Amino acid sequence: MLRATENMHRQEFSLEDAAATVLRLVEAGMSPPSIAKALARRESWVTGMLSLARNPLARDLASLGRLQSVSAWEEFSSLDAAQQRGIVESSDVITVARCEAARKACQQQSQKRQQKLLDAPPQATHPTPAEAPDEQGAKDVSEESSEPVLKVRVSAALYRALKQISEQEHRSEEDVLREALDAWFATHPIAASHV
């Protein structure tokens, strides 16, 4: 504990070193509150360090110098998988501001997708088989699972918009439709309560 306290105040002591030190103290039998007290840190800092120390991606990012604070790791951890992937694939240092920007960009992209789906004409006049999977110009979208399934029939125009978005973003049509339905139900709470 004395060595850990001494090391924490060295300038060259890295985030990776701090996380490893906290993990060693926990493995030696100390509780996070007692570690926080001994190191004069917040308990949330200690739990963040433990999370970082136990996550291989976090350790890799810290060792590469791309992750430099617990708060940046916590913010990164709160992002969804697609947002995390976008940040990891860039060469940027992971900061709280960078994570917030990724979240905001994703929300704007989602709003644009929603608007594109809303702008799709409600009916296609003469859909062809290439445009829609069945003769009526609509497609059943469902997923096999043990949970209740909602089958949705979409017009050929909406199906083309879904297909275009899914191809551009390398996502399944079902995921894009699910996101559109979630957004619609979020803005139409009365309708959602009747489903």
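These numbers come from the heavy atoms of this one structure, side chains and all, not from hydrogens, waters or symmetry mates. Because the structure is predicted, anything quoted here is derived from the model rather than measured.
The shortest heavy-atom contact between C106 and Q83 is CB-NE2, 3.1 Å. When every heavy atom of S110 is checked against every heavy atom of E179, the shortest pair comes out as OG-OE2, 2.8 Å. Across all their heavy atoms, C99 and I94 have their closest contact at SG-CG2, 3.9 Å. Of all heavy-atom pairs between L23 and R54, the closest is CD1-NE, 3.8 Å.
Within the structure, the salt bridge (Lys or Arg N to Asp or Glu O under 4.0 Å) test picks out the following pairs touching residues 70-89 (sequence neighbours left out): E75-R103. Legend: ring-ring contact (aromatic ring centres under 6.0 Å, His included) pairs involving residues 79-101, not counting sequence neighbours: none detected. Residues in residues 19-39 take part in no ring-ring contact (aromatic ring centres under 6.0 Å, His included) pair, two or more places apart or across chains. Among residue pairs with one or both ends in residues 51-92, those qualifying as ring-ring contact (aromatic ring centres under 6.0 Å, His included) are W73-F76; sequence neighbours excluded.
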In a table with atom names and distances, give each donor-acceptor pair under 3.5 Å that connects a side chain of residues 55-67 to protein atoms at least two apart or in another chain.
from: N55; atom 1: OD1; to: L57; atom 2: N; distance (Å): 2.9
from: N55; atom 1: OD1; to: A58; atom 2: N; distance (Å): 3.1
from: R59; atom 1: NH1; to: A53; atom 2: O; distance (Å): 2.7
from: S63; atom 1: OG; to: R59; atom 2: O; distance (Å): 3.4
from: S63; atom 1: OG; to: D60; atom 2: O; distance (Å): 2.9
from: R66; atom 1: NE; to: D92; atom 2: O; distance (Å): 2.9
from: R66; atom 1: NH1; to: V88; atom 2: O; distance (Å): 3.0
from: R66; atom 1: NH1; to: S90; atom 2: O; distance (Å): 3.4
from: R66; atom 1: NH2; to: I87; atom 2: O; distance (Å): 2.9
from: R66; atom 1: NH2; to: S90; atom 2: O; distance (Å): 2.9
from: R66; atom 1: NH2; to: D92; atom 2: O; distance (Å): 2.9

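The side chain to side chain donor-acceptor pair (under 3.5 Å) search around S69 returns S71, not counting sequence neighbours. Take Q109 and apply the side chain to side chain contact (heavy atoms under 4.5 Å, CB included) test, not counting sequence neighbours, and it matches R113, E169. Considering only residues two or more places apart in sequence or on other chains, Q164 meets the side chain to side chain contact (heavy atoms under 4.5 Å, CB included) condition with K116, Q168.
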Q.
Walk me through whether R41 and M49 qualify under side chain to side chain contact (heavy atoms under 4.5 Å, CB included).
A. CA-CA 11 Å; R41 301 286 184 147; M49 283 295 178; over 6 Å; no
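Judged by distance alone, the side chains of S31 and S34 do bring a donor and an acceptor atom under 3.5 Å apart.
Hydrophobic clustering, with ILVMFWY side chains joined whenever heavy atoms are under 4.5 angstrom apart, groups V70 together with V26.
The CZ atom of R24 sits 11.0 Å away from the CD1 atom of I35 when rounded to the nearest 0.5 Å. We find the OG-CD distance between S166 and E173 to be 4.5 Å, quoted to the nearest 0.5 Å.
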